[in-house]
Amino acid sequence: MRKKTIFITGTDTGIGKTIVCAGLAAALKKRGVNVGVMKPIATGAINNTSSDAKILKQVAKVNDEDSLINPYCLDLALAPSVCFELQKKEFSVAKIKESLKELLNSHDIVLVEGIGGLLVPIYKDYLVADLIKDLNSPLIIVAKNGLGTINHTLLTIKQAQNFGLDVLGVIFNNPEKSKSDISQKTNLKTIKEISGVEIFGELPFINKRKDLVKLAASNINLGLILKKLNPRANDFQKLSAADKKYIWHPFTQMRDWQNEEPLIIEEAKGCYLKDVKGRWFLDGVSSLWVNIHGHQKKEVDQAIKNQLNKVAHSTLLGLANVPSIQLAKELVKITPKGLNKVFYSDNGSTSVEVALKMAFQYWQHKGAKQKTKFVYLENSYHGDTIGSVSVGGIDLFHKVFHPLLFNSFKADSPYCYRCPKNKIYPNCKLVCLEKLENILKNNHKKIAALIIEPIVQCAGGMIVWPKGILKKMRGLCTKYNVLLIADEVAVGFGRTGKMFACEHEKVIPDIMCLSKGLSAGYLPLAVTLTNNKIYSAFLGDYAAQKTFFHGHSYTGNPLACSAAIASLELFKKEKIIDNLQPKIKFLEKELRKFKELPNVGNVRQKGLICAIELVSDKKTKEPYPWQDKIGVKACIEARKYGVILRPLGNIIVLMPPLAINKEQLKELLEVAFGTIEEVTKSYK
Ligand SMILES: *Cc1c(COP(=O)(O)O)cnc(C)c1O
């Protein structure tokens, strides 16, 4: 039997949670189940003994240490949060978890009796519901049968489900001797019908304590409880087989995938992800560069739930919706000056498609019909749709599609470690701009726009640009009358240490693309922002055919927009950008060590984006053959130490959520260091 906890909560205080819990424990024991009990927090405990814990112990006949059964004993009879405050005591969930772990060592099932109801604050704003969630425990609700029961019980069930708790069912109790009325007979049926939740039975009023066990055994459906407790929907073997049978994973050689054991994520909290085997992993790449505030961030969760209670989706084609308006207004406020029109789409690639088509059509309206081409940089990545691949500079991904793509001009990438001109910054005088300038000088009449990933070319290998080059690119675009498209899909929202990468050099692009972190990593959402000059070129009589004919089904999705609004509020409330600075410095200091490793050619960092480039020969900068997948090997190794990474070829990427703290950063760096050492040493 798999070890289990069942959390017992009530619809209110004083409804007999303890009696039900004790009776249930004893009845299960009688059935041969090895049951333990726990009352993690007791209040009103005179002389440091909790009467509830005592009843539990006596009835269930367990002899575990009191300190395990009742780790927190508070003598005032008030809400625990108030007791902790008045008694100046500290609270830690870890202590409860440890006691529970120990109890589970000697029991198969541990019944954990809560305190009050779900919304009772335990410590500051940490509620009983949070504790249940943290203990990862399913729940039985104890309700008193009588007048008002339906409302109380349904409220508790609803709230539990809202928190994402697993409600096993309800047990009714009669703490007072009362005449049975008609409501008591119909309540149970009504509650089951409305909630769809199981009713495990009803305990009659218990006159003598010694009758409790017998009455519990005969009135509670123990078999049903055990049955509900056992089937695991998330069985690893079954899920793994189904994944391999039905899913085609992105950017993945599926033959390799078929031969490997997948890591299947089922839950996440803060900077950690949990797989179906119950293991926790540090999310070292922000779930592929999208997550900002960590997972299950209360404010974002709540915003989405609130919006869900209004409308999940309504179109922006011919209609407007509330969250998309509010978000657009906020985005215009925080993005570089002059960008004041927001065009919605739903992922980074489409935000780039929108930008390209917008730039193209702009020049058509301006009468510059021949301005139809784009300039992009080597090593750039702007997404996977055909338009965005046409301005993509990563051969490994893009070469096969060449016959499908439109022709564009390719300029050099300011990749200092592998300088296209073999120079060293700053003596190079940014000579890598020469090619760009030549393209613009000779072809500007044909060119609509230059598209860039400002400051860091991400998918190309987290290539951090030398200072000053972005500003120079802006200057060249202005000089040659070419639009500048800044694709900040990856670098936006604080990743580089500023809200937007363009801020580092006070650059204002003509068009800006945002996605990934926009919705805090919760839901697909993207925007393309532009200025009045471009926007107004599209205005005219309908018959003049100046309309921008582009749009997606999920454009301006209200759920995604509400997540984004909540995220932007958190940026302000938690002063995220300010608080990043010490973490960035810490990272900078800690990354120095990596440079000493024999096969680390280059270490790059901007904000919380880091790249560690592995080379087979440090002197010649000879890369490892890409087919050997050294980066992948390092990342698989890191999983053994509880860290999830995803490389870019031979480059190890660290890009944690902005919410990561110093201890977690340290953990991330230590594991990365160890695994790099390990795989480069064992490479032959
Ligand atoms: C990820 C990315 C995209 C593509 O975004 P998707 O949402 O994956 O389509 C575009 N540009 C940059 C710079 C990116 O990093």
Side-chain angles (χ1 to χ4, degrees), residues 249-252 285-292 335 343-359 374-394 396-398 401 405 408 413-415 449-465 470 473 484-496 500-502 504 509 511-529 550 552-555 557 560 563-564 604 606-611 646-649 651 653-655:
H249 285 261
F251 279 89
T252 303
V285 288
S286 301
S287 293
L288 230 87
W289 321 346
V290 297
N291 193 282
I292 300 279
T335 46
F343 192 98
Y344 281 104
S345 59
D346 44 29
N347 64 69
S349 308
T350 52
S351 75
V352 169
E353 295 288 336
V354 168
L356 297 174
K357 287 170 78 176
M358 212 178 245
F374 293 91
V375 189
Y376 67 96
L377 305 184
E378 179 87 47
N379 296 317
S380 61
Y381 176 82
H382 298 290
D384 292 330
T385 50
I386 294 298
S388 57
V389 171
S390 297
V391 291
I394 304 175
L396 178 66
F397 303 162
H398 301 149
F401 299 113
L405 309 179
S408 303
S413 159
Y415 190 176
L450 164 69
I451 181 164
I452 55 166
E453 295 164 81
I455 303 292
V456 186
Q457 289 183 291
C458 289
M462 301 300 163
I463 298 163
V464 178
W465 288 3
L470 174 60
M473 287 182 187
L484 177 66
I485 302 171
D487 175 357
E488 292 222 17
V489 167
V491 292
F493 301 100
R495 290 284 173 208
T496 66
F500 300 104
C502 281
H504 286 281
I511 301 177
M512 187 172 183
C513 305
L514 300 172
S515 185
K516 290 198 169 94
L518 170 60
S519 64
Y522 268 65
L523 288 161
L525 182 68
V527 292
T528 307
L529 288 125
H550 187 109
H552 298 280
S553 308
Y554 284 99
T555 287
N557 176 261
R604 304 184 277 274
K606 192 78 196 177
L608 284 195
I609 304 175
C610 324
R646 167 101 186 163
L648 291 163
I651 295 158
V653 174
L654 310 179
M655 202 188 213

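For ligands, and for the atoms within them, numbers begin at 1 and follow the listed sequence. Note that this is a predicted model, so its numbers are computed, not measured.
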Next on the checklist: Assess, by modelled atom type and distance only, whether the side chains of Asn291 and Ser286 contain a donor and an acceptor separated by less than 3.5 Å.
Outcome noted: no
Next on the checklist: Given a heavy-atom cut-off of 4.0 Å, could you list the residues near ligand 1 in chain and number order?
Outcome noted: Trp289, Asn347, Gly348, Ser349, Tyr381, His382, Gly383, Glu453, Asp487, Val489, Ala490, Lys516
Item to check | Asp487/His382 under side chain to side chain donor-acceptor pair (under 3.5 Å): CA gap, chis, key distance, verdict | outcome: CA-CA 7 Å; Asp487 175 357; His382 298 290; 2.7 Å; yes
Item to check | Asp384: side-chain contact (heavy atoms from CB on, under 4.5 Å) partners, not counting sequence neighbours | outcome: Phe251, Tyr381
Next on the checklist: Is it the case that atom OH in Tyr554 sees more than 12 heavy atoms from other parts of the structure closer than 6.0 Å?
Outcome noted: no
Next on the checklist: Tell me every residue that passes ring-ring contact (aromatic ring centres under 6.0 Å, His included) with His249, counting only those two or more places apart in sequence or in another chain.
Outcome noted: Trp257
Item to check | Contacts of type side-chain contact (heavy atoms from CB on, under 4.5 Å), residue Val456, not counting sequence neighbours | outcome: Cys458, Met462, Val464, Val491, Thr496, Lys606, Ile609
